[in-house]
**Student:** 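Take a look at the following structure, please.
Given the structure is predicted, the values throughout are model-derived calculations rather than measurements. Naming: A, B, ... by sequence-line order, numbering from 1 per chain.
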Amino acid sequence: MPYQRVKGTRDILPPESAQWVYLEQFIRDFFRRNNYKEIRTPAFEFTELFVRGIGRDTDIVSKEMYTFLDKGGHSLTLKPELTAPVIRAYLQNDLAQQGAVTKLYYIDALFRQERPQKGRLRQFHQFGFEIIGSPYPEADAEVIQTMAALYQSLGIQKMEIRLNSIGSRESRANYLTVLRTALQPFTAEFCPTCQERLQKNILRLFDCKVATCQEILNQQAPSILNYLSAEDTHHFQEVCHLLDISQVVYTIDTKLVRGLDYYTRTTFEITSTLLGSQDAICGGGRYDHLVEDLGGKPTPAVGVASGIERLLLVLNQQGALSIPQPELVYVVTLSEEARAIGFKLLTFLREKGLNAEMDFLRRSLKAQLREADRNQAHWVIILGDDELQRQAYLLKNMRTGEQQNLAFDTPVNTLAEILKRD
RNA sequence: GUGAGUGUAGCUCAGUUUGGUAGAGCGACAGGUUGUGGCCCUGUUGGCCGCGGGUUCAAGUCCCGUCACUCACCCCA
């Protein structure tokens, strides 16, 4: 094997590639109907954008980025996340001028140097969308409701929406102090990783899967919802209310804390039991300071990103992806003269919008019919010596086995009509 | 970065315990039918047994190393 794929990358081959095309088209149609516009940003950005945007101490920035120096000595990074580049583009192109609220969606490839596992790759793909400019709960609720609606219309069956508020930066700082104090006495009882998290990033404790750690948290950790400011609480209640009246089913999970520094107030994710250990198909939330952190005017925003590989895993688990193929007409030719006539016929049929194919290996009739069958051809047009004699195509319906003759001088329109009938 | 599991035909996998001529199913190709697909029957094709070293008369099998893949941890979509 002379060359191999880089670890954590994948070739997307037929027939799987058809699923990708289907899903991408589905997403674009969906957003067109929901008045979001597509944005495409470059594959790489200046490293500093991610350091500022995502946070120096996050795992993404501290150990997962593909960073390199270009020939000018600039540090560049393959994008590991899409919100920061979108906000960069929003600021650089002054999209705020075009309206009070900006609604954008994207479908893109991302890169993170992690150990691959089920539902996690080094090059992976997300689609997502952002509402930039609104501080109000309607925006939060729309993001959640819209993503849920998209999944639903895609046919995702079992999903769980988990919702939380991590408050404003002030509320959160306050809560962290309380949390640290509350858990201090139990330091020794936590698992080794949690003891580390206790020091470095105490919110991450909530992610721990060890039963004893969860036990302590359940009994000792105060809920963040009790430490939100009045405004935070009101905002969260409004979001919940809007979801309730639009009949979006969710559960409040006070342990849901997201890993990127920029989140404020609303955080949520949607999980599926059909995935492995990495069970989130999307995650998002509000980020009211990112725009100003990246040098813009204070601008509230909220958004979400969904993993395309994970979505496809779920859809395939459900067996929900049946992608209709256009009917195929297979032209069988059995001599040099027939091949020329058949080739010309192909181009006519294609001009009439038919999916037409012929054999390029000059094989036997039997082999060509087998190939037509493998391709699930509806019709076969046979062109051999007999047909040249008679000056007529032999049309065979592969579903019924019925055959009929059709004179060469039959108008192509008439021929196309017959082939388009069931 | 850590741990566990797995690498044998295009694909799915036996064979490894106890060293002795590399197998099956599916697929592909062909014949049965000199112009008729699918079903059936027959045949053919197809392997540096991941790679390197060691032990041995002899290694797919035992030992050491290495690489890759998978799942999990960390964290995230």
**Student:** My understanding is that a pair needs two contacts under 3.5 Å, Watson-Crick or G-U wobble. By that rule, which nucleotide pairs with B/G3?
**Tutor:**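 Across any shown strand, B/G3 pairs with B/C71.
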
**Student:** Can you find a donor-acceptor N/O pair under 3.5 angstrom joining the side chain of A/Gln368 to the base of B/U36?
**Tutor:**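 For A/Gln368, whose side chain was compared with the base of B/U36, there is no donor-acceptor pair (under 3.5 Å).
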
**Student:** The side chain of A/Arg115 lies closest to which of these nucleotides: B/C74, B/G3, B/A28?
**Tutor:**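 For the A/Arg115 side chain, the nearest candidate turns out to be B/G3.
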
**Student:** Taking the side chain of A/Glu114 as its heavy atoms from C-beta onward, which of B/C76, B/C75, B/A30 lies nearest to it?
**Tutor:**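 Of B/C76, B/C75, B/A30, B/C75 is nearest to the side chain of A/Glu114.
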
**Student:** Under 3.5 Å, is there any donor-acceptor pair linking the side chain of A/Arg204 to the base of B/C76?
**Tutor:**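 No.
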
**Student:** Using every non-hydrogen atom in the two residues, find where A/Glu189 and A/Ile216 come nearest and quote the distance to one decimal.
**Tutor:**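 Looking at all heavy atoms of both residues, the shortest contact is CB-CD1, 3.6 Å.
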
**Student:** Can you tell me whether the side chain of A/Gln278 and the base of B/C76 have a donor-acceptor pair closer than 3.5 Å?
**Tutor:**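 Under the 3.5 Å cut-off, the side chain and the base do form a donor-acceptor pair.
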
**Student:** Under a 4.0 Å threshold between the charged nitrogen and the carboxylate oxygen, would A/Arg10 count as salt-bridged to A/Glu16?
**Tutor:**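 So A/Glu16 pairs with A/Arg10 through a salt bridge.
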
**Student:** Regarding A/Glu371 and A/Arg363, does a basic nitrogen lie under 4.0 Å from an acidic carboxylate oxygen?
**Tutor:**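 Salt bridge present between A/Glu371 and A/Arg363.
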
**Student:** Describe the nucleic acid contact of A/Leu121 in one word from base, sugar-phosphate, nothing, applying a heavy-atom distance below 4.0 Å.
**Tutor:**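 Base contact - A/Leu121 has a heavy atom under 4.0 Å of at least one base atom.
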
**Student:** Is A/Lys366 side chain donor-acceptor paired with the B/U36 base, going by distance under 3.5 Å alone?
**Tutor:**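 Answer no: no donor N or O sits under 3.5 Å from an acceptor.
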
**Student:** Is there a donor and acceptor pair closer than 3.5 Å between the side chain of A/Asp373 and the base of B/G37?
**Tutor:**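 When only heavy-atom distances are counted, A/Asp373 does reach the base of B/G37 through a donor-acceptor pair under 3.5 Å.
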
**Student:** A/Ala305 near the nucleic acid: base, sugar-phosphate alone, or nothing, with a heavy-atom cut-off under 4.0 Å?
**Tutor:**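 If one applies the 4.0 Å heavy-atom cut-off, A/Ala305 turns out to touch the sugar-phosphate alone, with no base involved.
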
**Student:** Record whether the side chain of A/Glu64 comes under 3.5 Å of the base of B/G1 through a donor-acceptor pair of N or O atoms.
**Tutor:**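 Side chain to base: no pair below 3.5 Å.
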
